Protein chains: 2
Amino acid sequence: MNDNSDATTGSYRLDDQVGFILRRANQRHLALFARDIPDLTPTQFAALAKLCELGQASQNALGRATAMDAATIKGVIDRLRKRGLVAARRDADDARRVHLSPTKQGQQLYEALLPRAREISKETLAPLAQQEATLFLQLLEKLAGD
Amino acid sequence: MNDNSDATTGSYRLDDQVGFILRRANQRHLALFARDIPDLTPTQFAALAKLCELGQASQNALGRATAMDAATIKGVIDRLRKRGLVAARRDADDARRVHLSPTKQGQQLYEALLPRAREISKETLAPLAQQEATLFLQLLEKLAGD
DNA sequence: CAGGAATTGTTCGTGTACTAACAGAAGTTG
DNA sequence: CAACTTCTGTTAGTACACGAACAATTCCTG
């Protein structure tokens, strides 16, 4: 009974808490990404990748598709635009919207980076056996919600 | 054979990549934390908790124990000191070191927040069944490394 | 003991991330 | 149609997070 599994009783060790380990796992992934794709941050790559998948999107819509709020996606897109990877123009139908699309250069960079991006996902999961990795992804997906 | 499981072939969907889902899971946890413990960030709580666990530590040592680099832990400790939760003094034996310890107020706050911290961990894992959660933590730990 | 190497903490610059407040445009409803 | 509401993007402020460069101190080794 006294096995510390209750949420309101027993010892609390920081090192055993989901949030803390989640943060460390994320750190490890970010480090792998920075090593293999130094010229683009994971966030920037995510925005570019999703925009290439969709072909086009409004700024906030792209933010929602990549789990970034309006303030965050703005900075990310600003930097991608400055590097000529993303093109932006005012939407004709809705004067509020910023219509985004990847430039040819952005599209090419995305495709050129794909092998490395796949490799990063593989390396991140490398500590797990094949079956463990599959199971882990299923559980992680549940944890992420939505 | 063509099941897209190879790291260098097949389709690439952002939404299926570990890094992306890891980031979303982390976001969900951060949101739960901010809701239940609005007066302290997860990082600040981690530093305070670990310092209370250890009783004392040098600044960089605490950073290592909480997976924060020297530049990051400095800002975190500065803010905790400003709020009177952590006391700092120059180490007598090593003039480089900053000797840190929780103040009485910091210790009390930590203990007062423990039930909520436990609850947050529980809520974060809530989408998983008991057995799934245990397994998940084991796999996540492997992924975090070290 | 002297001189190079490693450690500790600091600062700077860049890039997420989120809240809050805002302006303008579009949609909805009485 | 006019008021209300929602949605879009922007800005300002705070807080991680990390690389790089730096000074002071300590350690180590010849």
Side-chain angles (χ1 to χ4, degrees), chain A residues 19-20 22-35 37-48 57-83 85-86 88-100, chain B residues 19-20 22-35 37-48 57-83 85-86 88-100:
Chain A
F20 185 67
L22 217 41
R23 176 164 148 271
R24 291 199 296 119
N26 209 43
Q27 279 179 340
R28 177 165 161 274
H29 173 260
L30 296 179
L32 289 174
F33 198 104
R35 195 197 61 188
I37 304 186
D39 42 326
L40 224 52
T41 68
T43 317
Q44 288 166 7
F45 180 78
L48 179 60
S58 76
Q59 189 171 284
N60 281 2
L62 183 60
R64 285 190 291 271
T66 51
M68 304 179 205
D69 68 14
T72 299
I73 191 69
K74 194 210 181 295
V76 175
I77 291 300
D78 280 353
R79 285 180 280 275
L80 291 176
R81 288 174 63 177
K82 200 172 295 176
R83 295 180 51 178
L85 302 174
V86 165
R89 64 163 205 275
R90 218 76 211 183
D91 191 299
D93 300 331
D94 189 334
R96 295 170 303 177
R97 283 199 172 90
V98 175
H99 177 95
L100 300 177
Chain B
F20 185 67
L22 218 41
R23 176 164 147 273
R24 289 201 293 119
N26 209 43
Q27 278 178 342
R28 176 165 162 275
H29 173 260
L30 295 179
L32 289 174
F33 198 103
R35 194 197 62 189
I37 305 187
D39 42 327
L40 225 49
T41 68
T43 316
Q44 288 166 8
F45 181 78
L48 179 60
S58 76
Q59 189 171 283
N60 280 2
L62 184 60
R64 285 190 292 272
T66 51
M68 305 178 205
D69 69 11
T72 300
I73 192 70
K74 193 211 182 298
V76 175
I77 291 301
D78 280 354
R79 285 179 281 275
L80 291 177
R81 288 174 63 178
K82 200 172 294 175
R83 294 180 52 179
L85 302 174
V86 165
R89 63 164 206 274
R90 219 75 210 187
D91 191 299
D93 300 331
D94 189 334
R96 295 170 303 179
R97 283 198 172 92
V98 175
H99 178 95
L100 299 178

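Not measured: the values here are computed from a predicted model. In what follows, chains carry the letters A, B, and so on, assigned in the order in which the sequence lines appear, proteins first and then strands, with residues in each chain numbered from 1.
Residues passing the side-chain hydrogen bond (donor to acceptor under 3.5 Å, both in side chains) test with B:Arg35, sequence neighbours excluded: B:Glu123. By the salt bridge (charged side-chain N to carboxylate O under 4.0 Å, His left out) test, B:Arg79 is found to be paired with no residue, residues two or more places apart in sequence or in another chain being considered. Evaluation of the side-chain hydrogen bond (donor to acceptor under 3.5 Å, both in side chains) rule for B:Thr72 yields B:Asp69 as partners, not counting sequence neighbours. The salt bridge (charged side-chain N to carboxylate O under 4.0 Å, His left out) search around B:Arg83 returns none, not counting sequence neighbours. Considering only residues two or more places apart in sequence or on other chains, A:Asp94 meets the side-chain hydrogen bond (donor to acceptor under 3.5 Å, both in side chains) condition with A:Arg96, A:Arg97. Remark: B:Arg24 pairs with A:Glu141 by the salt bridge (charged side-chain N to carboxylate O under 4.0 Å, His left out) rule, at least two apart or across chains.
The side-chain hydrogen bond (donor to acceptor under 3.5 Å, both in side chains) analysis of residues 58-67 of chain A, with sequence neighbours excluded, yields no pairs.
Straight-line distance from the NE2 atom of B:His99 to the P atom of C:dG9: 12 Å, rounded to whole Å. The CG atom of A:Asp78 sits 13 Å away from the C1' atom of C:dT16 (whole-angstrom rounding). Note: CD1 (A:Ile77) to C1' (C:dG15) measures 14 Å, nearest angstrom. The separation between A:Ile73 atom CD1 and C:dT16 atom C1' is 11 Å, rounded to whole Å. Here C:dA17 presents its P atom at 12 Å from CG of B:Leu22, a figure rounded to the nearest Å. If you measure from atom CG of B:Asn26 to atom P of C:dA17, you get 9 Å, rounded to the nearest angstrom.
Extent of DNA chain D lying under 4.0 Å from chain B heavy atoms, first and last nucleotide in 5' to 3' order, is D:dA15 to D:dT26.
Within residues 38-47 of chain A, the residues having any heavy atom under 4.0 Å from DNA chain C are, by residue number, A:Thr41, A:Thr43, A:Gln44. Annotation: proximity of residues 57-66 of chain B to DNA chain C (heavy atom, distance under 4.0 Å) is found for B:Ser58, B:Gln59, B:Asn60, B:Arg64, numbered in ascending order.
Using modelled atom types, one side-chain atom of A:Arg23 and one backbone atom of B:Ala67 make a donor-acceptor pair closer than 3.5 Å. For B:Arg89 (side chain) and B:His99 (main-chain N/O), no donor-acceptor pair under 3.5 Å exists by modelled atom type.
Looking only at side-chain heavy atoms (C-beta outward), B:Leu40 and B:Leu85 come within less than 4.5 Å of each other.
Closest approach of A:Asp91 to A:Asp93, counting heavy atoms only: OD1-N, 2.7 Å. Nearest heavy-atom pair, A:Ala88 versus A:Leu100, reported as atom, atom and distance to 0.1 Å: CB-CD2, 3.6 Å. Listed here is the closest heavy atom pair of A:Val76 and A:Ala47: CG1-CB, 3.9 Å.
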Could you list all N or O pairs between the protein and nucleotides 18-26 of chain C that sit under 3.5 Å apart?
{"residue": "C:dA26", "atom": "OP1", "partner": "A:Ala95", "partner atom": "N", "Å": "3.1"}

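In this structure, CD1 on B:Ile77 lies 7.5 Å from CE on B:Met68, to the nearest 0.5 angstrom. The distance from the CG atom of B:Leu80 to the CG atom of B:Leu62 is 9.0 Å, given to the nearest 0.5 Å.
Bending across the helix from C:dC1-D:dG30 to C:dG30-D:dC1, expressed as the angle between its end axes from five pairs apiece, amounts to 20° (10° rounding).
Salt-bridge check for B:Asp78 with B:Lys82: failed, with every basic side-chain N at 4.0 Å or more from each acidic carboxylate O.
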